[in-house]
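This structure is a prediction, so every number in the text was calculated from the model and none was measured.
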Amino acid sequence: MIYRIKQLSSLLILISVINGLSYGSEIKVIYSNDAGRIESLKTIEKDNVSFVSGTELAKLLEAGTFYSEPKKKLDLKFKEWRVKLSAYSSYILMENLSSADRHDDILHLPVPVMPSDNDILIPFNAFMTILDAVMPENLTYDDDLKTLEIRTALVNITGVSIQRKSNGTLIKISTTREFPLDSYRAWINRDLGWLYLTIVNGISDSISIISAPTNGAVVKVVPVQMEESTQLSFKLKGEVENPEIYQTTNPHQIVISLRTPERITRKQVEDDLLRNSERWLIDTIVLDAGHGGKDPGSISASGLKEKDVVLDIVKRIGKLIEKKLKVNVVYTREEDVYVSLEERGKIANRNEGKLFISIHLNSFPKNRNVRGFEVYILRPGKTASAIEVAERENSVLRFDDKSSAEKFEKQATEKLILASLTQAAFMSESEDLSGMLEKELKKKISSPSRGVKQAGFYVLVGASMPHAYIEAGFISNRIEEKNFRSSKYKQKFAEAVYEGVRKFKHKYEQLILSANGRSN
Ligand SMILES: [Zn+2]
């Protein structure tokens with residue numbers, strides 16, 4: 001880098017500016033890319049030279065600024081240039097930010113820059129001639145008409161600062177002006193782990209943004225300039241809630257706050273476990289038969305309804321558990337009645353359930369050859385087909401009254417995330433339970449296993465306990481439909497689930513007791 005700023009100090013020309021100032025004319029500022037926007041800039045005359053306020057000019061040019069009052073220095077930052085001006089000096093340092101060798105130039109003004117109150121005064125015509133020469137695509141000054149035309153390819157998003165707070169991460173985007181409320185938007189792609197911010201009519205200083213130090217939940221910042229907007233992408237690590245976004249005007253900033261979810265950690269659960277292990281013994285099991293009442297679930301070609309089959313299976317499981325395990329069984333429904341998804345989770349928690357098992361049937365009329373059972377664990381959907389199943393089962397929401405359906409829709413994503421966080425503490429238990437259920441079903445029933453999968457189901461929202469969600473088979477498949485009409489098959493299925501629950505209970509309680517030093 002060629003760096004010649006040191007020459008400046010030896011060339012400083014000090015002049016007196018106390019006398020001889022008078023207000024001059026006004027310069028019209030037209031924004032040709034921003035229809036209808038016209039501003040004006042006052043000039044101050046001294047010795048037949050027109051001066052303008054440096055900070056005022058910077059604002060109109062939408063340049064990034066840095067002003068130092070003790071040094072009376074003003075830096076203006078444009079997309080490709082950084083321009084440094086100092087009071088008492090007639091030299092301007094021009095730094096080209098875009099060229100590979102980043103060279104600096106020193107240019108000469110006919111008269112020095114003057115100091116002012118928290119500002120500097122710049123000889124306007126000479127300065128415009130210089131800017132016009134280096135940024136001809138961005139501005140034109142017509143001295144006869146006293147008109148400055150700005151074609152706003154100038155930077156208006158000047159930098160990013162990221163701060164770690166006790167409850168999350170704060171991202172502050174410095175701007176040179178206020179953006180209309182509907183022109184910026186932030187959202188998270190949770191699959192990819194990126195937060196995106198788009199600002200319509202935003203032009204970002206990509207060099208300054210890329211070099212912004214990362215912090216907290218943000219590990220990388222990538223600006224992408226598009227023709228009509230700018231997008232800033234933030235690579236995230238760890239869990240954050242949905243972004244909150246707002247704007248401040250003094251200073252001009254767009255602020256995104258990313259809260260860290262309050263979550264139950266394994267450590268907290270284990271501590272609690274040690275303190276009162278009895279509370280964690282599996283003394284209540286919640287059995288959840290899908291659908292019911294006005295909501296039939298899937299229906300086979302010959303009219304067999306999911307709601308009837310799953311209620312039958314669930315009751316068989318319940319009888320086995322009560323009789324053989326001597327454990328309290330709670331049903332989310334025992335008859336052909338409609339129970340909202342929200343209510344099912346509440347029933348589970350109200351009864352202090354220690355396990356939650358949902359039974360449903362799959363359906364895939366597009367291909368009637370598809371068959372087999374699946375065991376699911378709640379987690380935001382991962383595979384495309386898991387998401388499809390989740391969407392179909394969640395569509396029961398449409399049967400709820402309108403207000404609760406709307407409420408659900410609005411909160412759906414957040415609730416799902418929240419629920420999976422509450423259950424994160426039981427994730428390994430749920431994986432264990434699901435694995436054991438799948439193993440027993442594989443042993444006992446003829447239907448093939450389609451594996452243990454992960455998906456998001458509202459039915460488990462709020463049920464904070466180890467859980468499994470079983471899609472017992474495809475009612476759309478001829479063989480499986482026949483199976484679901486057979487009491488013998490349904491009993492076998494129930495026995496397999498019972499056996500999985502029994503083995504899980506034994507293993508889990510042994511762990512609790514041994515953790516508490518009471519193992520036999
Ligand atoms: Zn279902």
Is the NZ atom of K28 crowded by more than 12 outside heavy atoms at less than 6.0 Å?
-> no
Only one of E438, E374, E471 clears side chain to side chain contact (heavy atoms under 4.5 Å, CB included) with R450; which?
-> E374
Less than 4.5 Å apart, any side-chain heavy atom of V240 and any of L195?
-> no
Check: Q163 main-chain N/O paired with N215 side-chain donor or acceptor under 3.5 Å | no
Q253 and S174: side chain donor to acceptor below 3.5 Å | no
Okay, side chain of E95, backbone of R82: is any donor-acceptor separation there less than 3.5 Å?
-> no
Between Q247 and F179, is there a donor-acceptor pair closer than 3.5 Å when you use the side chain of the first and the backbone of the second?
-> yes
If we only count heavy atoms from C-beta on, is the I157 to I199 side-chain gap below 4.5 Å?
-> yes
Thinking salt bridges, do R259 and E244 make one under a 4.0 Å N-O criterion?
-> yes
For the residue pair P180 and D182, establish whether any side-chain heavy-atom pair is separated by less than 4.5 Å.
-> yes
Counting distance only, does the side-chain N/O of S116 pair as donor-acceptor with the main-chain N or O of D119 below 3.5 Å?
-> no
Return the set of residues passing ring pair (Phe, Tyr, Trp, His ring centres under 6.0 Å) with Y141 (not counting sequence neighbours), or none when no residue passes.
-> F124
Okay, side chain of S86, backbone of S89: is any donor-acceptor separation there less than 3.5 Å?
-> no
Donor-acceptor pair, S50 side chain versus T43 backbone, under 3.5 Å?
-> no
Tell me, do Y508 and L433 make a side-chain contact under 4.5 Å, heavy atoms counted?
-> no
4.5 Å side-chain heavy-atom contact, Y88 and P112 = no
Can you tell me if CZ on R350 sees more than 12 non-hydrogen neighbours from other groups inside 6.0 Å?
-> yes
Under 3.5 Å: donor-acceptor pair, side chain of S430, backbone of H467 | yes
Any donor-acceptor pair under 3.5 Å from S208 side chain to T158 backbone = yes
Side chains of T230 and I203: closer than 4.5 Å at any heavy-atom pair?
-> no
F234 versus L258: any side-chain heavy-atom pair under 4.5 Å?
-> no
Do other residues, nucleotides or ligands put more than 12 heavy atoms under 6.0 Å from K235 NZ?
-> yes
Aromatic plane relationship, Y469 with H360 - under 30° parallel, 30 to 60° tilted, over 60° perpendicular | parallel
Sorted by chain and number, sequence neighbours left out, salt bridge (charged side-chain N to carboxylate O under 4.0 Å, His left out) with K172 holds for none
Check whether any side-chain heavy atom of L121 sits under 4.5 Å from a side-chain heavy atom of K46, and report yes or no.
-> no
